[in-house]
Structures are given as C-alpha cells and as structure tokens.
2 protein chains.
Amino acid sequence: MDTDPRFDMLKAACPTRQVIDRIADKWTLLAVVALEASGTLRFSELKRSIEGISQKMLTQTLRTLERDGMVRREVEATVPVTVRYSLTPLGLSLAHAVGALREWSYANMDAIEAARDDYVPPTGPPTPTAVPAA
Amino acid sequence: MDTDPRFDMLKAACPTRQVIDRIADKWTLLAVVALEASGTLRFSELKRSIEGISQKMLTQTLRTLERDGMVRREVEATVPVTVRYSLTPLGLSLAHAVGALREWSYANMDAIEAARDDYVPPTGPPTPTAVPAA
DNA sequence: CAGGATCCCATATGATACTG
DNA sequence: CAGTATCATATGGGATCCTG
C-alpha cells in the first residue's frame with residue numbers, strides 16, 4: 001500500500017489539504033496582502049491596489065474570505081454606499097504566514113531568474129533556428 | 001494618483017508579484033511539500049503522493065519547478081527508466097516558506113470551519129424555502 | 001460606489017492513447 | 001516507468017449592462 005503517513009497531509013480529504021486548496025490562489029493571497037498593508041480599504045481602493053483583478057474576481061474573492069472569517073465587511077449607509085474591508089485577527093494571522101512567502105519571493109527572485117536562463121529542457125525537439133536540415 | 005508605494009508589491013510588473021503569480025498555485029505548492037517530506041521521489045511515487053493530481057499536471061508542474069531551479073531531476077538509465085526528483089537548496093527554502101502556510105492551515109482550520117457555519121451572505125435573494133410567497 | 005446578473009471565451013486541467 | 005501528444009471539457013475570469 002501507499003499508506004505512508006508522511007503524505008496524509010496531501011490527501012484531498014485531509015483538512016489541511018482542504019485549507020491549502022482554498023487559500024492557495026493568486027487573488028486570495030494578493031487580497032490578503034493588500035489588506036494587511038493598509039488595514040482598511042474600500043472596494044474600489046482594493047480593486048486599484050490589486051493590479052489586474054477584475055471586479056468580479058474581487059467580489060468573489062472577498063466574499064469567500066469573508067465567509068471563511070478572514071475579512072470583515074462593513075457597510076456604511078452614506079449616499080453612495082461605502083463599504084470597507086479589513087482583516088479579522090484570523091485574516092491577519094494568514095497575512096503573516098503569506099508574508100513568509102513574499103519574503104521568500106523577494107529574496108530569491110534573482111536566483112529564479114538565473115536558473116531560468118540556464119535551463120535547458122529535457123530531450124526537446126530540434127530548435128527550428130538550429131536545425132541543419134537534411 | 002494611486003501611486004501609493006505600499007502597493008507597489010501588488011503591481012503585476014513588480015518582480016515579487018511575478019514570483020507570487022508563479023508559485024501561488026495548488027499543484028506547485030503541493031509538489032514542493034511532497035518533495036520536502038521525503039527528500040527524493042520518483043515520478044510515479046510523486047503522483048501517488050499528491051492526491052488528485054493528473055499525470056499531465058504533475059509533469060507540467062515539475063518541469064516548471066525544474067526550470068526555475070527549485071527541483072532537481074535525475075535520470076537513471078535502467079531498463080524501465082528511473083527518474084528521481086528532489087528539491088534543490090532553493091526549492092528547500094521555498095518549502096520552508098510554504099511550511100508557514102501549512103502550519104497556519106493546520107492551526108486555523110477549525111476557526112475557518114466555524115466562521116463558515118456562522119456566515120450569512122450579504123443581502124441574498126429570499127431563500128426559496130423561506131419565502132412567504134406573495 | 002458596490003456589486004449582482006449575463007454573456008462568452010481562453011485556457012487550465014482531466015482523460016485517453018501511444019512511445020522510448 | 002516516465003513521459004508526449006491529442007482531444008474534450010469545465011470553469012476561471014473578463015467585459016458589459018444594470019440597480020440600490
């Protein structure tokens with residue numbers, strides 16, 4: 001059998017795995033980072049902060065984060081309604097964990113770039129510009 | 001302008017953001033975790049380790065990780081060829097960063113579950129089973 | 001301003017078959 | 001075993017229009 005307990009954490013049924021499945025997505029992580037950086041942001045501010053995100057994905061991402069207790073949503077009944085988003089303590093703790101990833105990214109982006117340059121794909125078909133032709 | 005320097009890290013052009021865009025994906029994180037847990041694994045072992053991953057995605061994920069210098073791929077010319085994958089130092093350091101996320105997931109999965117139960121979506125349309133009808 | 005509802009498409013990913 | 005190639009499909013995600 002392949003019941004190696006070391007991999008239980010990777011079983012789709014494992015709760016930890018489920019959590020990973022949920023938060024390991026670009027927009028979620030970026031939203032959390034944005035909120036961590038400024039504490040509180042309105043919908044449109046948040047949208048401007050996260051370059052490339054669409055209104056749809058932002059709404060969707062925020063709803064999920066709110067549902068899972070990471071984000072607090074406060075509606076203020078002003079004339080054009082004002083909605084402010086901020087991290088809950090739970091969300092803040094997630095932000096810290098994500099911080100490790102960001103730091104790593106920052107510290108190692110050069111190494112990645114370098115590796116990428118050196119890389120030669122395994123058994124690639126002849127490069128079009130290099131084939132001597134038959 | 002919205003040139004708040006606090007959000008530079010979220011600009012799509014920012015190198016850190018680019019790295020995040022790349023590694024913040026489920027299969028990549030899971031592959032790294034799997035390799036960290038056992039040091040070295042063959043293709044098929046890796047596939048069995050990561051529940052739910054398809055052969056295609058595993059190949060693709062490993063290629064990318066290899067290209068970016070996180071994974072080392074060693075081919076042994078045995079009869080049915082043997083390929084072993086392991087983390088490079090760079091990959092290992094990433095694994096550590098990801099570890100923070102895993103620990104967070106493990107520590108807070110209950111809180112998430114709880115929040116999810118309490119959650120009531122904002123201004124939802126009347127629940128079918130609750131509408132008094134006109 | 002915030003966000004719900006739609007339409008629609010690119011592509012991410014799975015399933016299958018084939019090979020060195 | 002460790003892939004590559006192909007086909008089929010789900011769905012992630014953008015563009016638009018609309019409303020309180």
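Proteins come first, then strands; the chains are lettered A, B, ... in the order of their sequence lines, and each starts at number 1. Treat the numbers as computed from the prediction; the structure is a model and nothing was measured.
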Nearest to the [X] side chain among [options], which nucleotide is it?
X	options	value
Q55(B)	dT16(C), dT16(D), dG14(C)	dT16(C)
T59(B)	dG4(C), dA15(C), dG3(D)	dG3(D)
S54(A)	dA2(C), dA5(D), dG14(D)	dG14(D)
P80(B)	dG14(C), dA2(C), dC1(D)	dC1(D)

How many Å lie between [atom1] on [X] and [atom2] on [N], as a whole number?
X	N	atom1	atom2	result
L65(A)	dG3(C)	CG	P	13 Å
M57(A)	dT6(C)	CE	C1'	16 Å
L58(B)	dA2(D)	CG	P	10 Å
R73(A)	dC1(C)	CZ	P	16 Å
D25(B)	dT11(C)	CG	C1'	14 Å
W27(A)	dA12(C)	CH2	C1'	15 Å
E51(A)	dG13(D)	CD	C1'	17 Å
K47(B)	dA2(D)	NZ	C1'	12 Å

At under 4.0 Å, does any side-chain N or O of [X] touch on OP1 or OP2 of [N]?
X	N	value
R42(A)	dC1(C)	no
R63(B)	dG3(D)	yes
S44(B)	dA2(D)	yes
Y85(A)	dC1(C)	no

At under 4.0 Å between heavy atoms, what does R84(B) touch on the DNA or RNA strands: base, sugar-phosphate, or nothing?
-> nothing
Heavy atoms under 4.0 Å, any strand shown: does V81(A) hit a base, just sugar-phosphate, or nothing?
->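 The answer is base, as V81(A) lies within the cut-off (heavy atoms under 4.0 Å) of a base atom.
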Chi angles and distances behind the salt bridge (charged side-chain N to carboxylate O under 4.0 Å, His left out) call for R72(A), E66(A) | CA-CA 6 Å; R72(A) 178 172 27 243; E66(A) 189 196 355; over 6 Å; no
For the atom pair OG1 (T28(A)) and CD1 (I23(A)), what is the distance rounded to the nearest 0.5 Å?
-> 8.5 Å
In degrees rounded to 10°, what angle is found between the helical axes fit to the five outermost pairs at each end of the helix from dC1(C)-dG20(D) to dG20(C)-dC1(D)?
->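 It comes to 50° between the two terminal axes.
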Between [X] (side chain only) and [Y] (backbone N and O only), is there a donor and an acceptor less than 3.5 Å apart?
X	Y	value
Q18(A)	A13(A)	yes
R17(A)	E51(B)	yes
S38(B)	A34(B)	yes

Among R73(A), E74(A), E45(A), R42(A), find the residue that satisfies the side-chain hydrogen bond (donor to acceptor under 3.5 Å, both in side chains) test when tested with Y85(A).
-> R73(A)
side-chain hydrogen bond (donor to acceptor under 3.5 Å, both in side chains) involving T82(B) - partner list, sequence neighbours excluded |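 Listed in chain order: T78(B).
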Looking at residues at least two apart in the chain, or sitting in another chain, which of them share a side-chain contact (heavy atoms from CB on, under 4.5 Å) with Y106(A)?
-> M109(A), T16(B)
